[in-house]
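Here is the structure we will look at, set down as structure tokens.
Residue numbers count from 1 along this sequence.
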Amino acid sequence: MKEKICNVLQFIFGWGIFISLFVGSLTFIGYLVALINGGELAQSICFVIYKKIIPVLIYISTISVIIGLIKMYIKGEVALSSKK
């Protein structure tokens, strides 16, 4: 039962981080397009990215990390420790 829960949490964590990285790269491309375009359009693109996309991205990333930490706690894994 514990292993099944860990597998589900790992699956959710993996997809959450994947989505965060993908959307983060799309925001970078959006900022790059805005830099090349310039003017009012660039201002609109940056405003949409900053006000609409980035807050959702932060929530998705935070929830994914919390799910990953819960999975580590349930499984008893220790990361970044000098103990072996």
Report task. Kindly indicate whether the side chain of Ile17, heavy atoms from C-beta on, has any atom under 4.5 Å from the side chain of Phe13. Result -> yes

Query raised in the report: Should Ile19 and Leu9 be regarded as members of a common hydrophobic cluster, given that ILVMFWY residues are connected when their side-chain heavy atoms come within less than 4.5 Å of each other, either directly or indirectly?
Result: no

Requested in this report: Report the distance from atom CG of Leu57 to atom CG of Leu21, rounding to the nearest 0.5 Å.
Outcome: 9.0 Å

Query - Linked, directly or transitively: Ile29 and Ile45 (ILVMFWY side chains, under 4.5 Å) - result: yes

Query raised in the report: Going hydrophobic residue to hydrophobic residue with side-chain gaps under 4.5 angstrom, can you get from Ile53 over to Val33?
Result: yes

Requested in this report: Would you please name every residue forming a side chain to side chain donor-acceptor pair (under 3.5 Å) with Ser61, sequence neighbours left out?
Outcome: Ser20

Report task. Please list all pairs passing the salt bridge (charged side-chain N to carboxylate O under 4.0 Å, His left out) test where one or both residues lie in residues 18-40, with sequence neighbours left out. Result -> none

Query raised in the report: Any chain of hydrophobic side-chain contacts (each under 4.5 Å) joining Ile12 to Ile5?
Result: yes

**Report entry** Pairs touching residues 18-56 that satisfy ring-ring contact (aromatic ring centres under 6.0 Å, His included), sequence neighbours left out
**Finding:** Trp15-Phe18

Would you list the atom pairs, donor with acceptor, under 3.5 Å between side chains in residues 63-75 and any protein atom, with sequence neighbours excluded?
residue, atom, partner, partner atom, Å
Ser64, OG, Ile60, O, 2.8
Lys71, NZ, Gln10, OE1, 3.1
Lys71, NZ, Glu77, OE1, 3.3
Lys71, NZ, Glu77, OE2, 3.4

**Report entry** Distance in Å, Ser44 OG paired with Ile49 CD1, rounded so as to fall on 0.5 Å steps
**Finding:** 11.0 Å

